[in-house]
Amino acid sequence: MKFFIDTANLKDIQEAVELGVLDGVTTNPSLMAKEGIKGTDAVMAHYKQICELVDGDVSAEVIATDYEGIVREGEALAELHPNIVVKVPMIRDGVKAIRYFSDKGIKTNCTLIFSAGQALLAAKAGATYVSPFVGRLDDIGADGMLLIQQIVDIFSNYGYPTQVLAASVRHIPHLIQCAELGADVVTCPLSVITGLLSHPLTDKGLATFLADHAKVNG
Ligand code: G3P
């Protein structure tokens, strides 16, 4: 399973890189805004910085919602760095653009997936990744994990190469369930990745080992 970090924060990305378990990065316009990145030049420069930090795919989202605009923005993003994956919303013109990008060999991540049908459509258009939003489905009382299971099963039934990138992953049980269900990728905040380190019995066991060692060795 690949671990992506869902942030545009360079410090968090660097910390995840240093842990040695990071496979890529996802961003979105909200995450870019949270870092105060504004204006096309600054946005492009920021994506480039992220790409230089990480040896893996970096999803950069288009703002346009019309076919020509999505293609124009996506091509400019893809030219920035080979790590860039053009993130495209699940809308009619987005699906058309994913087909265009796929035919040109440009990697895509179809975002804002909330149903198995949307995922199937994106896969048929040639998306590299689909991003079902687990947490946001849970927020409205739906079952985010059921969607992951449906998409994993459907893609496996037909051998679609599109990867299931579980997004809006908010906590450790989300991540573990995605792993159990066979999602190809999870993207989550740094706190969820580092949260995997901890168990009270690990802390207690280590303290005992060190204390026993000190008793004999001083
Ligand atoms: O990758 C999508 C993600 O950023 C959405 O997460 O927690 O805002 O639903 P969240």
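Just follow the structure's listing: the first ligand is 1, and inside any ligand the first atom is 1.
With salt bridges taken as basic N to acidic carboxylate O contacts below 4.0 Å, one links Lys215 and Asp212.
The side chain to side chain contact (heavy atoms under 4.5 Å, CB included) test with Lys87 singles out one residue from Val62, Thr108, Asn28, Leu77, and that residue is Asn28. Paired with Thr27 under the rule side chain to side chain contact (heavy atoms under 4.5 Å, CB included), one option of Ile50, Thr187, Thr7 passes, and it is Ile50.
What sits closest to atom 4 (O) of ligand 1 on the protein, heavy atoms only, is Asp6 OD2, 2.5 Å. Nearest non-hydrogen protein atom to atom 8 (O) of ligand 1 is Arg136 NH2, 2.8 Å. Remark: minimum distance from atom 7 (O) of ligand 1 to any protein heavy atom is reached at Arg170 NE, 2.7 Å. Protein heavy atom nearest atom 2 (C) of ligand 1, with residue, atom name and distance: Phe133 CZ, 3.3 Å.
Close contacts between ligand 1 and Ala167 involve ligand atoms 1 (O), 2 (C) [criterion: under 4.0 Å to a heavy atom].
Of all the heavy atoms of Asp139, none lies under 4.0 Å from any atom of ligand 1, so neither backbone nor side chain is involved.
Within the 3.5 Å criterion, the main-chain N or O of Met90 finds no donor-acceptor partner in the side chain of Gln118. When atom types are taken as modelled, the side chain of Lys107 and the backbone of Val58 share no donor-acceptor pair closer than 3.5 angstrom.
The aromatic rings of Tyr160 and Tyr158 lie tilted to each other, with the angle between the two planes from 30° to 60°.
For a threshold of 3.5 Å applied to N or O pairs, the pair formed by Ser168 and ligand 1 contains at least one separation below that value.
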